[in-house]
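Each remark here refers to the structure printed beneath this line.
Computed from heavy atoms alone, side chains included, the values below leave out hydrogens, waters and symmetry copies.
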Amino acid sequence: MSRPARKGASMAKFCTLGILLSLLVPTHSTRSPNCGGILTSSGLSYLAEVSRPYAEAVLRQDLMAPTVPDLFLSSAKPSSRNQIQSVTVAELSLSLIPHTGLRLSIGVDLGVTPAPSATKVMRLSLETNLHVEMNPEGNLELVTSACRATVEEMQSTEEMESESSSSEMNKEINTDKICLEVSKLLLLPSEQLMSLTAQFPITPSCQAQYLPLAAPVFSEQGVIISLQTTFQVAGMAIPLPVSPVPFSMPEPASSSASHLTLAFSEHFYTSLFFALEMAGAFNMTVPSPLTTATMAQKITQMGSLFQEDLPVMLQAVFRSSSRVVLEEGKAALKLFLTVHIGADSSSFQSFLSVHVDMSAGILLSITDTRMMISAAAIEDIELSLAASDVGPVPAALLEELFLPTVREQVLAQINAALSEGVFLPHLYSFTYTDTSVLIHKDYVLVPCNLKLQAKAGE
């Protein structure tokens, strides 16, 4: 009975052994993307919309604080002739400059009181170019250039000498200082961009991380970013199998009404299942309705192995990495298992090993910032004898004895491991709404809209 005992012990070491064996699999020699996204013009408009109250609060704090020496030149402190009483962001827009970056335009109405009996409204106009750079640490940073800031009078509550008003305010407000900090008027400062590369948990021992391979590309379709997904198991990076087909962001067929379109390659899903296998998430021991006595009625040699009637258990491990196959309108999961069948005693005693090759449909959906993945009905399954301590067992008998349990339990356990979903690449404080999942050959598209999440207490 040494052979069954050896199998039982090896199950406990499978996760560690799997990680070590993964080092022998042909892996990425260079960084290559397996997912990405396109932020459209409508998405930029939404970011501008939600940034407007934020920008107003920042400017109000900067321009109306009791002491703001950095924003007022040394010759014109807040206590001097012009006092800013109100700050209103009237306009804020983000527009694409293909092949270059973005244009940020802000119009701010300043309520200025030059004397106790008079109030006038001045328009502070800011315009700057934005682009994103990758720093040496691999993080994305928002960079501004070609900033212009001007002040002009809009209206007055009484007659006054207005020709010099705009020039006076230009002299008083340190527009150069505002230009230096203009990027913080958006809800996408560098801290937000860095949140894109955070580690997201999939299971307690497995995490995913989306790493940008280069700075985003600004095209007529929008802002395009390519990402490589890496996986860590027990804190150790898992080398991923080489993708047979290089992945590039698919060009949208027409201008999209969605704020954002995420794209995931077939290799992304295969890598995800590979990482979960290495984490041991799919290792399973499942009960069977059979006992050694009921099996002995079908396999006579069982009686000589077991003198008492014991429950029969199934232990399933992956003998080869699973694969995800994407076709137009559907996705399938290919599983290659070895199921060890044994008696449930003080130590697991395996007397049969069965190869199981199966294919199941995959259902994909989006909940907030997570992709929910579940295996659906089994489309094809084949059982074959791998090893036996009870003599030859015909394939038909294997199916009769074990197929119902394998059908029911294997997918149930895989779905349990995937029940929390997989975090999509996203920015902190934003979630996704109006989502759909479009499955194409070799890749999946997820058109969605952005939604700023309210902070606790708001």
Side-chain angles (χ1 to χ4, degrees), residues 35-59 89-96 102-106 130 132 140 142 183-202 208-210 212 216 218 221-227 229 249-250 252 254-264 268 363-374 418-439 444-458:
C35 62
I38 301 177
L39 180 66
T40 65
S41 294
S42 59
L44 291 171
S45 297
Y46 178 77
L47 290 178
E49 176 188 337
V50 297
S51 292
R52 184 172 160 181
Y54 176 81
E56 187 171 291
V58 171
L59 285 169
V89 175
E91 301 172 3
L92 193 153
S93 65
L94 276 171
S95 55
L96 272 171
L102 304 173
R103 174 74 44 80
L104 171 64
S105 300
I106 304 177
L130 303 173
V132 180
L140 300 178
L142 194 63
S183 64
K184 76 176 185 178
L185 301 181
L186 288 174
L187 279 171
L188 281 178
S190 296
E191 291 80 4
Q192 282 274 17
L193 291 174
M194 287 179 64
S195 71
L196 182 68
T197 62
Q199 289 190 5
F200 300 115
I202 304 173
Q209 186 174 23
Y210 300 98
F218 297 88
Q221 287 76 31
V223 184
I224 303 174
I225 185 169
S226 296
L227 302 169
T229 314
M249 283 294 299
S254 59
S255 59
S256 173
S258 298
H259 295 164
L260 176 69
T261 298
L262 299 171
F264 301 88
F268 166 84
L363 301 178
L364 304 175
S365 61
I366 308 298
T367 301
D368 297 327
T369 56
R370 298 175 190 241
M371 177 176 287
M372 309 308 295
I373 305 173
S374 61
L418 293 167
S419 62
E420 295 298 318
V422 178
F423 276 104
L424 302 169
H426 66 281
L427 297 174
Y428 172 74
S429 74
F430 283 90
T431 187
Y432 297 134
T433 63
D434 306 314
T435 58
S436 58
V437 177
L438 307 175
I439 302 175
V444 171
L445 294 181
V446 181
C448 55
N449 287 334
L450 299 169
K451 183 180 180 181
L452 180 64
Q453 293 179 303
K455 294 181 180 179
E458 290 188 355

Where [X] and [Y] come nearest, the two heavy atoms and their spacing:
{"X": "Val89", "Y": "Glu56", "result": "N-OE1, 2.8 Å"}
{"X": "Thr433", "Y": "Leu450", "result": "OG1-O, 4.5 Å"}
{"X": "Met372", "Y": "Thr367", "result": "CG-OG1, 3.6 Å"}
{"X": "Phe264", "Y": "Cys35", "result": "CD2-CB, 3.6 Å"}
{"X": "Ala48", "Y": "Leu94", "result": "CB-N, 3.9 Å"}
{"X": "Pro250", "Y": "Ile38", "result": "O-CD1, 3.9 Å"}

Give, for atom [atom1] of [X] and atom [atom2] of [Y], the distance between the pair rounded to the nearest 0.5 Å.
{"X": "Leu47", "Y": "Leu260", "atom1": "CG", "atom2": "CG", "value": "9.5 Å"}
{"X": "Leu130", "Y": "Leu102", "atom1": "CG", "atom2": "CG", "value": "5.5 Å"}
{"X": "Leu104", "Y": "Ser93", "atom1": "CG", "atom2": "OG", "value": "7.0 Å"}
{"X": "Phe200", "Y": "Glu420", "atom1": "CZ", "atom2": "CD", "value": "15.0 Å"}
{"X": "His259", "Y": "Ser42", "atom1": "NE2", "atom2": "OG", "value": "5.0 Å"}
{"X": "Leu262", "Y": "Tyr210", "atom1": "CG", "atom2": "OH", "value": "9.0 Å"}

Are the side chains of [Y] and [X] in contact, using a 4.5 Å heavy-atom criterion?
{"X": "Leu452", "Y": "Ser429", "result": "yes"}
{"X": "Val437", "Y": "Ile439", "result": "yes"}
{"X": "Ser258", "Y": "Thr40", "result": "no"}
{"X": "Val446", "Y": "Thr261", "result": "no"}
{"X": "Leu92", "Y": "Leu186", "result": "yes"}
{"X": "Tyr432", "Y": "Asp368", "result": "no"}
{"X": "Leu196", "Y": "Ile225", "result": "yes"}
{"X": "Leu364", "Y": "Met371", "result": "yes"}

Using a 6.0 Å cut-off, check whether atom CD of Gln199 has over 12 heavy atoms from anything other than its own residue.
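Buried by this count: over 12 neighbours within 6.0 Å.
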So Phe430 and Tyr46, would you call those rings parallel, tilted or perpendicular, with 30° and 60° as cut-offs?
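Perpendicular, since the angle between the ring planes exceeds 60°.
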